[in-house]
Student: 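Below is the structure I would like to discuss, written out as structure tokens.
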Amino acid sequence: MFYECTMAELRVLFTRDQIARRVVELGAQIEKDFAGQSVIFVGVLKGATIFLADLARSVRVDATFDFIGVASYGAHKMTSGEVRLTKDVEQPLTGRNVILVEDILDTGLTLQYLKKVFLAHQPACLKVVALLDKACRRIEPVKADYVGFTIPDEFVIGYGMDYAERYRNLPDICVLPPEDL
Ligand code: IMP
């Protein structure tokens, strides 16, 4: 299936049904691991918002939400190397079961930075869930505890993920052709 857009034809990598099925599976794993406990889902703005909304609804445990914002210096479509906080969490994380929700794990620089920020709060436990993992691009040796799909080195958009702030509202995950980057 293809999307027509002003820039190019976008190839669908994962359909909304494939995403929905995988999100339910991830939710079941998290529910099992945190049965009888409470968790706080912390989404990384803005890419993880749609994933967090779907994931959280498939985890039947006592839960709250929060969001954290990060930016990479000089980055347009990829992480440049330096990450900074643009929005901190609003709820205390000390002693809580924190589940950090990421849209995509690429070089790992963002996650490496965020793990340090989160661990400084001394949570009871910190788990990371990433919908997508571009494992072949990793620079920092970080891993997610729960991964939706491992993908090759392609630039993806949709289901919350953007290119220059566009395409977040596509319900499927699509590949943006390299010539449009
Ligand atoms: P990392 O620090 O290189 O792991 O980058 C993580 C962040 O870069 C993600 O949370 C996304 O915001 C962004 N990113 C990396 N690859 C893609 C992509 O293919 N599409 C959209 N955003 C991406």
Side-chain angles (χ1 to χ4, degrees), residues 1-3 5-16 18-19 22-23 26 41-56 65-89 98-120 126-181:
M1 188 167 101
F2 287 88
Y3 278 94
C5 78
T6 52
M7 295 167 79
E9 287 193 327
L10 303 174
R11 175 167 55 90
V12 175
L13 188 60
F14 299 110
T15 65
R16 62 203 81 183
Q18 289 172 310
I19 301 165
R22 189 67 189 119
V23 170
L26 290 173
F41 291 102
V42 182
V44 184
L45 293 171
K46 306 170 194 160
T49 49
I50 294 177
F51 176 41
L52 186 148
D54 285 344
L55 180 71
F65 296 170
D66 210 331
F67 294 93
I68 195 160
V70 286
S72 326
Y73 285 108
H76 185 43
K77 59 183 187 291
M78 283 167 204
T79 314
S80 61
E82 255 185 279
V83 184
R84 71 190 158 93
L85 211 58
T86 56
K87 185 208 167 291
D88 207 347
V89 290
V98 178
I99 301 180
L100 174 58
V101 184
E102 259 280 33
D103 53 353
I104 178 161
L105 190 47
D106 186 21
T107 62
L109 288 158
T110 306
L111 182 57
Q112 174 86 337
Y113 171 83
L114 284 176
K115 277 183 105 166
K116 272 194 205 136
V117 170
F118 280 65
L119 290 173
L126 173 63
K127 297 284 182 193
V128 178
V129 53
L131 178 61
L132 302 179
D133 186 359
K134 281 192 211 173
C136 60
R137 295 244 319 148
R138 201 75 88 252
I139 293 172
E140 293 291 344
V142 284
K143 276 193 192 164
D145 300 282
Y146 311 93
V147 172
F149 304 98
T150 299
I151 63 165
D153 184 10
E154 294 188 295
F155 197 84
V156 292
I157 50 177
Y159 196 69
M161 289 169 285
D162 75 311
Y163 175 64
E165 294 298 330
R166 296 178 61 204
Y167 307 114
R168 293 192 196 274
N169 59 327
L170 292 181
D172 305 302
I173 295 174
C174 302
V175 174
L176 194 65
E179 59 271 23
D180 291 319
L181 288 171

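Since the model is a prediction, treat every value here as computed from it, not as a measurement. In each ligand, atom 1 is the first atom listed, and ligand 1 is the first ligand listed.
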Student: Under 3.5 Å, N or O to N or O, is V156 touching ligand 1 that way?
Tutor: yes
Student: Report yes if the side chains of I104 and M161 come closer than 4.5 Å at any heavy-atom pair, otherwise no.
Tutor: yes
Student: Can you list the ligand 1 atoms lying under 4.0 Å from a non-hydrogen atom of K134?
Tutor: 16 (N), 17 (C), 18 (C), 19 (O)
Student: Are the side chains of Y159 and V23 in touch, meaning some heavy atoms are under 4.5 Å apart?
Tutor: yes
Student: Within the 4.0 Å heavy-atom shell around D103, which atoms of ligand 1 are there?
Tutor: 9 (C), 10 (O), 11 (C), 12 (O)
Student: Would you call E140 and L105 a side-chain contact if the rule is heavy atoms closer than 4.5 Å?
Tutor: no
Student: Could you tell me, atom by atom, which parts of ligand 1 come under 4.0 Å of a heavy atom of T110?
Tutor: 1 (P), 2 (O), 5 (O), 6 (C)
Student: Looking at ligand 1, is there an atom of it that comes within less than 4.0 Å of some heavy atom belonging to R137?
Tutor: no
Student: In ligand 1, which numbered atoms sit nearer than 4.0 Å to a non-hydrogen atom of E102?
Tutor: 10 (O)
Student: What do you reckon, does V44 put a non-hydrogen atom under 4.0 Å from ligand 1?
Tutor: no
Student: Do R11 and L13 have side-chain heavy atoms sitting under 4.5 Å apart?
Tutor: yes
Student: Using the six-membered ring wherever Trp is involved, compare the ring planes of F41 and F65 and label them parallel, tilted or perpendicular (cut-offs 30° and 60°).
Tutor: perpendicular
Student: Is there side-chain contact between L10 and V175, with at least one heavy-atom pair below 4.5 Å?
Tutor: no
Student: As a test of understanding, state which of I151, L176, L131 forms a side-chain contact (heavy atoms from CB on, under 4.5 Å) with V156.
Tutor: I151
Student: Examine the proximity of ligand 1 to E154 and report which part, side chain or backbone, both or neither, has a heavy atom under 4.0 Å away.
Tutor: backbone
Student: Between D133 and K143, does any side-chain N to carboxylate O distance fall below 4.0 Å?
Tutor: no
Student: Show the atoms of ligand 1 that are less than 4.0 angstrom away from any heavy atom in G108.
Tutor: 1 (P), 3 (O), 4 (O)
Student: Would you please determine whether I157 falls within less than 4.0 Å of ligand 1 on a heavy-atom basis?
Tutor: no
Student: For ligand 1, which atoms have a heavy atom of D162 less than 4.0 angstrom away?
Tutor: 21 (C)
